[in-house]
Amino acid sequence: MLSTHFIREHQAVVVAGLQKKHFPDAETIVAKIIEVDELRRQTQKQRDDKQAEANALAKQIGLLMKQGEKAQAQQAKVDAKALSDEAKHLQEKVANIEKDLFQLIITLPNLPHETVPVGSDATDNELIEEVGTLPSLSAEALPHWELITKYDIIDFETGSKVTGTGFPIYKGKGAKLQRALINFFLDEAARAQYTEVQPPILINKDSGFGTGQLPDKDGQMYVVTEENFFLIPTAEVPITNMYRDAIIETSELPIKCVGYTPCFRREAGNWGADVRGLNRLHQFDKVEIVQIQHPDKSYDTLEEMRQHVQQLLEKLALPYRVLKLCGGDLSFTSALTYDLEVYSAAQQRWLEVSSVSNFESYQANRLKLRYRDEKKKTHLLHTLNGSALALPRILAALLENNQTPNGIEIPEVLHAYTGFTRID
RNA sequence: GGUGAGGUGCCUGAGAGGCCGAAAGGAGCGGUUUGCUAAACCGUCGUACGGUUAACCCCGUACCGCGGGUUCGAAUCCCGCCCUCACCA
């Protein structure tokens with residue numbers, strides 16, 4: 001979330017940023033926040049002063065008692081009681097105002113970086129680069145949802161019997177290929193100095209809030225009601241939350257973690273066109289890279305992370321393009337996001353396989369994740385993450401683009417991981 | 001799930017209604033000194049919000065797992081919850 005300080009001091013910048021993100025009524029809400037914050041400070045001052053009086057008198061009473069001035073002490077007690085009641089009343093007022101202020105502030109999304117293109121939806125995203133040549137397939141080429149049945153490597157129907165729609169079962173070479181991709185992605189991240197972690201895949205409310213899934217995307221997560229846990233929609237949540245409420249020494253930056261986890265998404269309301277086969281699932285596998293970085297360096301880090309993901313796609317020989325999301329398409333918490341899309345030849349469309357984002361201090365402020373500068377003052381850090389990579393659509397593209405009359409050719413980098421070179 | 005012990009600053013750990021934002025030691029940081037690695041000594045050493053300030057300083061308030069309560073006054077007493085450890089199941 002945005003910090004009150006920042007909103008107070010950069011009102012115009014905040015309003016402009018929110019408008020670029022197509023946030024409605026930006027001006028009104030920001031004005032309201034500043035007004036409530038003003039009230040909060042006033043009331044806190046009153047509370048603090050009153051409490052200071054009460055504390056001073058309480059100290060007096062202690063001394064009077066020691067000196068045996070019982071009568072005086074009794075009188076002071078009556079006065080102290082009145083002061084402390086007033087302070088308590090003011091404290092309640094402060095608490096309520098803070099609650100109001102908090103409710104207002106968490107409705108605000110992050111501000112877009114200055115280089116984010118203006119625009120309202122995906123059609124306004126800026127094409128940064130396009131790499132590789134689009135394969136031309138024969139007329140008999142099949143989409144992946146037919147290939148998986150033909151070679152019996154992914155079974156949606158049995159998965160639907162076991163759980164429900166969108167929970168496929170990977171079998172035989174299909175399962176091995178999944179495992180190969182995961183290991184390949186993890187090994188590549190390790191080479192890039194990421195520390196591998198295996199986090200829990202259930203998280204609590206505080207973690208959901210920390211990275212911004214709660215309360216914004218409440219309905220998109222599966223809930224374990226008995227324990228009040230949520231199934232993670234991405235490893236970003238548990239990994240970033242490892243550093244909730246922490247002050248990191250500058251010498252330890254950047255923190256780089258990678259984790260493989262299954263991801264769970266209800267996708268409520270997202271089940272429209274173009275979601276056949278592996279294009280949209282309720283459970284899928286993903287390798288996620290996360291970095292925590294000094295604010296001065298976070299945009300260099302963002303580029304570095306993007307390069308890391310691009311290099312994975314190149315090693316897999318998949319044609320892809322990079323988009324910089326426009327204001328209207330940017331997620332709630334992100335300041336700048338690159339989407340990487342792989343071309344699926346049989347579907348003749350681009351599939352999003354990775355999102356690499358800089359959240360600047362938006363998550364860090366919720367997480368209370370800070371560093372100390374040379375003067376020992378604390379400041380918020382920047383958090384970043386990216387999929388490196390999400391499996392299903394990579395798999396879809398691999399199957400479709402690499403199909404031949406003799407079967408599906410496995411990219412060379414994976415041979416050592418799969419133990420086979422072709423699915424037939 | 002049950003019983004017992006416990007949760008205090010970066011770490012170890014004392015404090016058991018006012019003298020406590022909190023002893024002591026260690027680590028860290030700054031300095032002095034001794035002809036190396038190292039040791040000794042001195043100083044410093046939490047966070048958040050608010051006030052004040054150009055800034056530093058300074059001042060106020062809150063925080064001893066979390067949330068309530070008792071009291072003029074709570075790390076300390078009471079209640080609820082969470083977590084850790086040990087044993088039992």
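Naming: A, B, ... by sequence-line order, numbering from 1 per chain.
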Paired nucleotide for [N] [Watson-Crick or G-U wobble; both distances under 3.5 Å]:
{"N": "B:G60", "value": "B:C49"}
{"N": "B:A16", "value": "none"}
{"N": "B:C81", "value": "B:G65"}
{"N": "B:U3", "value": "B:A86"}
{"N": "B:U44", "value": "B:G28"}
{"N": "B:A55", "value": "none"}
{"N": "B:G73", "value": "none"}

For A:Glu129, which of A:Arg321, A:Arg306, A:Lys324 qualifies under salt bridge (Lys or Arg N to Asp or Glu O under 4.0 Å)? A:Arg306
Which value, in whole Å, describes the distance between the [atom1] atoms of nucleotides [N] and [M]?
{"N": "B:C19", "M": "B:G6", "atom1": "P", "value": "25 Å"}
{"N": "B:A86", "M": "B:A75", "atom1": "C1'", "value": "26 Å"}
{"N": "B:G1", "M": "B:C81", "atom1": "P", "value": "13 Å"}
{"N": "B:C42", "M": "B:A22", "atom1": "C1'", "value": "23 Å"}
{"N": "B:U53", "M": "B:C45", "atom1": "C1'", "value": "25 Å"}
{"N": "B:C49", "M": "B:C85", "atom1": "C1'", "value": "36 Å"}
{"N": "B:C41", "M": "B:A55", "atom1": "C1'", "value": "34 Å"}
{"N": "B:G67", "M": "B:A74", "atom1": "C1'", "value": "15 Å"}

With distance as the sole criterion, is a donor-acceptor pair present between the side chains of [X] and [Y] under 3.5 Å?
{"X": "A:Gln293", "Y": "A:Tyr371", "value": "no"}
{"X": "A:Gln178", "Y": "A:Asp285", "value": "yes"}
{"X": "A:Gln363", "Y": "A:Thr383", "value": "yes"}

A:Leu330 CG to A:Ser357 OG distance, which is reported to the nearest 0.5 Å: 7.0 Å
Six-ring centre of A:Phe209, A:Arg366 cation under 6.0 angstrom, axis tolerance 45°: yes
A:Phe420 six-ring centre to A:Lys176 NZ/CZ under 6.0 Å and within 45° of normal: no
I need the [atom1]-[atom2] distance between [X] and [N], as an integer number of Å.
{"X": "A:Glu227", "N": "B:C83", "atom1": "CD", "atom2": "C1'", "value": "15 Å"}
{"X": "A:Lys376", "N": "B:G46", "atom1": "NZ", "atom2": "P", "value": "8 Å"}
{"X": "A:Gln46", "N": "B:G50", "atom1": "CD", "atom2": "C1'", "value": "12 Å"}
{"X": "A:Glu374", "N": "B:G30", "atom1": "CD", "atom2": "P", "value": "13 Å"}
{"X": "A:Asp49", "N": "B:A62", "atom1": "CG", "atom2": "P", "value": "12 Å"}
{"X": "A:Gln51", "N": "B:G60", "atom1": "CD", "atom2": "P", "value": "13 Å"}
{"X": "A:Lys377", "N": "B:U47", "atom1": "NZ", "atom2": "C1'", "value": "13 Å"}
{"X": "A:Lys50", "N": "B:U61", "atom1": "NZ", "atom2": "P", "value": "14 Å"}

By nearest-nucleotide position on RNA chain B, the 5'-leaning member of A:Ile61 and A:Gln44 is A:Gln44
Comparing A:Arg370 with A:Lys77, nearest RNA chain B nucleotide closer to 5' gives the residue A:Arg370
Please tell me which of the listed nucleotides, [options], lies nearest to the side chain of [X]?
{"X": "A:Ala80", "options": "B:U47, B:G60, B:C72", "answer": "B:C72"}
{"X": "A:Arg372", "options": "B:A48, B:C72, B:G46", "answer": "B:G46"}
{"X": "A:Ala58", "options": "B:G73, B:C19, B:U47", "answer": "B:G73"}
{"X": "A:Lys88", "options": "B:G46, B:G50, B:U70", "answer": "B:U70"}
{"X": "A:Met65", "options": "B:U47, B:U61, B:G18", "answer": "B:G18"}
{"X": "A:Arg8", "options": "B:G60, B:G50, B:G18", "answer": "B:G50"}
{"X": "A:Thr378", "options": "B:G51, B:U47, B:G60", "answer": "B:U47"}

Within less than 4.0 Å of OP1 or OP2 of B:G50, is there a side-chain N or O belonging to A:Arg40? yes
Indicate, with a heavy-atom threshold strictly under 4.0 Å, whether [X] touches base, sugar-phosphate, or nothing.
{"X": "A:Leu57", "result": "nothing"}
{"X": "A:Asn55", "result": "sugar-phosphate"}
{"X": "A:Leu83", "result": "nothing"}
{"X": "A:Ala52", "result": "sugar-phosphate"}

For residues 42-62 of chain A, the salt bridge (charged side-chain N to carboxylate O under 4.0 Å, His left out) pairs (sequence neighbours left out) are A:Lys45-A:Asp49, A:Lys50-A:Glu53, A:Lys50-A:Glu86
